[in-house]
Protein chains: 2
Amino acid sequence: MAKKKLIKAEDASTEEKIKAAARDVFHKKGYAATRTRDIAEKAGINLALLNYYFRSKEKLFDIIMLETVFEFMQSMALVMNDNKSSLEKKVELITFNYIDFITREPNIPIFMLSEIRNNADGLMEKLPIRQLVLNSIFFKQHQEAVVKGKIAEPDPLHFLMNILGLIVFPFIAKPLFKGIGGLNENQFNKLMQERKKLVPVWIKAMIKVK
Amino acid sequence: MAKKKLIKAEDASTEEKIKAAARDVFHKKGYAATRTRDIAEKAGINLALLNYYFRSKEKLFDIIMLETVFEFMQSMALVMNDNKSSLEKKVELITFNYIDFITREPNIPIFMLSEIRNNADGLMEKLPIRQLVLNSIFFKQHQEAVVKGKIAEPDPLHFLMNILGLIVFPFIAKPLFKGIGGLNENQFNKLMQERKKLVPVWIKAMIKVK
DNA sequence: GTCTATAGGGGGATAGAC
DNA sequence: GTCTATCCCCCTATAGAC
């Protein structure tokens, strides 16, 4: 067992190479537009090997999808359940982490959101996302602030929509904003870095009014 | 000419039936996942007819895409160039119109954003969206407010990102928020109706801080 | 204009040699 | 495990009758 992991680590096993390539292509083009031949080529292996390891395009996709969603939810859970930080500090952490994360992995938001739509109930229904949010310290701190009259709008969904909307949407509509602003990739990323500081301040201001 | 239009109006010409069906399917599934057979079936006609009228899947798609983008930009331009309303009023109008529009056509945002991504430069480069925004009264009013010190953050792109993020993102991530909130379609739509009043208030509060 | 039938090609998957 | 060659289905597009 230990030996197997060692081997994997030192030469990036074929299986891992295929998964890495699949991740890239699926994230960029979505399930339907992806051809297994593209994945094989990118992985530097033969098409037959893909099926040898993963049986079918669909099974490979399911694995990538699951890992992507899991990665996303885990990073979410990590911040939302930190018991040392205040609600305000958590907003800063979420903003900071997500903007960095999406800058590194700019294809994940549209990928997840458009593939989830096709699967609709399939994925959402079985994932414990509702429990994750409802049981989080983040959620409880929000409730508490509402009771104390520190937050005007009581519905936590609006709160989440606002935070994620301000953080994620600019990336999703990147081509649009690059077009409007006449920006290149670097200039766009610089804008996003600015938002690391701006979003928490804006959220703070929004909290007080209704 | 007039006669032709009359005929079209009274029996919804085959061409229009195909386009309507194509619109639905493309918007819901995207280009790659759409099969021309689905469109033909939905239009109640034979597959061969689709090619008779539109030559190819791609040409049909281009038409739908163009019309969709045009419809979107026109509704945008209409509000942004209204010369009777203040900037504040325009934010209210945009919020109101877009929430109603997307509630009627919930598939358009993800459709446009994910298909634009594949086409990247193809579409964005040739559309006059930059000019549309830069020449708009909306834009000039924003500049003016910045000069007068009424808006803390001077970059109009941040302003646009915030408005659209708060309005559009909840719809894009609808399955996610329905899952978290345990909502059905009606309850979700009710939340969106609430946001018609909330978003302008929030924007107003954000404007003052930096 | 509208249909049936079919050509043509692309892409997922497998057989079988090494 | 990895490759080459190939099968086979599905989907787009066209031919040709009506």
Side-chain angles (χ1 to χ4, degrees), chain A residues 1 3-66 111 114-115 118-119, chain B residues 1 3-66 111 114-115 118-119:
Chain A
M1 304 293 137
K3 195 177 177 189
K4 194 174 182 186
K5 277 203 175 167
L6 270 176
I7 291 171
K8 274 193 180 181
E10 66 195 13
D11 76 337
S13 71
T14 321
E15 190 174 341
E16 288 302 324
K17 275 193 289 187
I18 297 174
K19 269 175 66 173
R23 220 182 109 94
D24 276 3
V25 183
F26 278 137
H27 281 181
K28 194 169 296 167
K29 314 223 280 183
Y31 179 78
T34 292
R35 292 175 308 158
T36 49
R37 283 172 164 79
D38 293 342
I39 297 176
E41 190 183 357
K42 188 155 204 166
I45 53 98
N46 188 278
L47 173 57
L49 262 188
L50 188 151
N51 290 290
Y52 172 76
Y53 278 104
F54 297 97
R55 288 288 293 173
S56 76
K57 176 188 181 183
E58 199 177 353
K59 284 201 172 53
L60 175 55
F61 177 80
D62 287 345
I63 290 172
I64 301 298
M65 186 68 183
L66 200 70
F111 167 77
S114 57
E115 296 298 337
N118 302 336
N119 217 347
Chain B
M1 305 293 140
K3 195 177 176 187
K4 195 174 182 187
K5 277 204 176 169
L6 272 176
I7 291 174
K8 273 194 182 182
E10 68 195 12
D11 78 338
S13 73
T14 319
E15 190 173 343
E16 288 302 324
K17 277 194 288 187
I18 296 174
K19 269 175 67 173
R23 220 182 111 92
D24 276 4
V25 183
F26 278 138
H27 281 181
K28 195 168 297 167
K29 313 223 281 184
Y31 179 78
T34 292
R35 290 173 310 155
T36 51
R37 281 171 163 82
D38 294 341
I39 297 176
E41 189 182 358
K42 188 156 205 164
I45 53 98
N46 188 279
L47 174 57
L49 263 187
L50 188 149
N51 290 289
Y52 172 76
Y53 278 103
F54 297 96
R55 286 291 293 173
S56 75
K57 177 188 179 181
E58 197 176 356
K59 285 202 170 52
L60 175 55
F61 178 80
D62 287 344
I63 291 173
I64 300 298
M65 186 68 183
L66 199 70
F111 168 76
S114 56
E115 296 298 337
N118 302 337
N119 217 349

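Keep in mind that this is a model prediction, so the values were computed, not measured. Each chain gets a letter, A, B and so on, in the order the sequences are listed, and its residues count up from 1. Only this structure's heavy atoms are used, side chains among them; waters, hydrogens and symmetry mates stay out.
Here salt bridge (Lys or Arg N to Asp or Glu O under 4.0 Å) pairs that include residues 49-59 of chain B, with residues two or more places apart or in two chains, number zero. Among residue pairs with one or both ends in residues 21-30 of chain A, those qualifying as side chain to side chain donor-acceptor pair (under 3.5 Å) are Arg23(A)-Glu71(A), Arg23(A)-Glu105(A), His27(A)-Thr68(A); sequence neighbours excluded. Evaluation of the side chain to side chain donor-acceptor pair (under 3.5 Å) test over residues 32-43 of chain A, restricted to residues two or more places apart or in two chains, returns Arg35(A)-Asp38(A). Pairs passing the ring pair (Phe, Tyr, Trp, His ring centres under 6.0 Å) check and including a residue from residues 30-57 of chain B, sequence neighbours excluded, read Tyr31(B)-Phe61(B).
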**Complete:** Each nucleotide of nucleotides 13-18 of chain D classed B (base within 4.0 Å of a protein heavy atom), S (only sugar-phosphate) or -, in 5' to 3' order, makes BBB---

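Annotation: the span from Leu50(B) atom CG to Glu15(B) atom CD amounts to 11.0 Å, rounded to 0.5 Å.
Per the geometry, CG belonging to Leu49(A) stands 14 Å off C1' belonging to dA15(C), to the nearest Å. Distance, Ile45(B) CD1 to dT2(C) C1': 9 Å, rounded to whole Å. As a whole-Å value, the separation of Glu41(B) CD from dC3(C) P is 13 Å.
Residues meeting the side chain to side chain contact (heavy atoms under 4.5 Å, CB included) test with Ala32(B), sequence neighbours left out: Ala32(A), Ala33(A).
Of the residues in residues 19-34 of chain B, those lying under 4.0 Å from DNA chain D by heavy-atom distance are Thr34(B).
In the helix from dG1(C)-dC18(D) to dC18(C)-dG1(D), the end axes, each obtained as the rotation axis mapping the C1' atoms of four pairs onto the next four within a five-pair block, lie 10° apart to the nearest 10 degrees.
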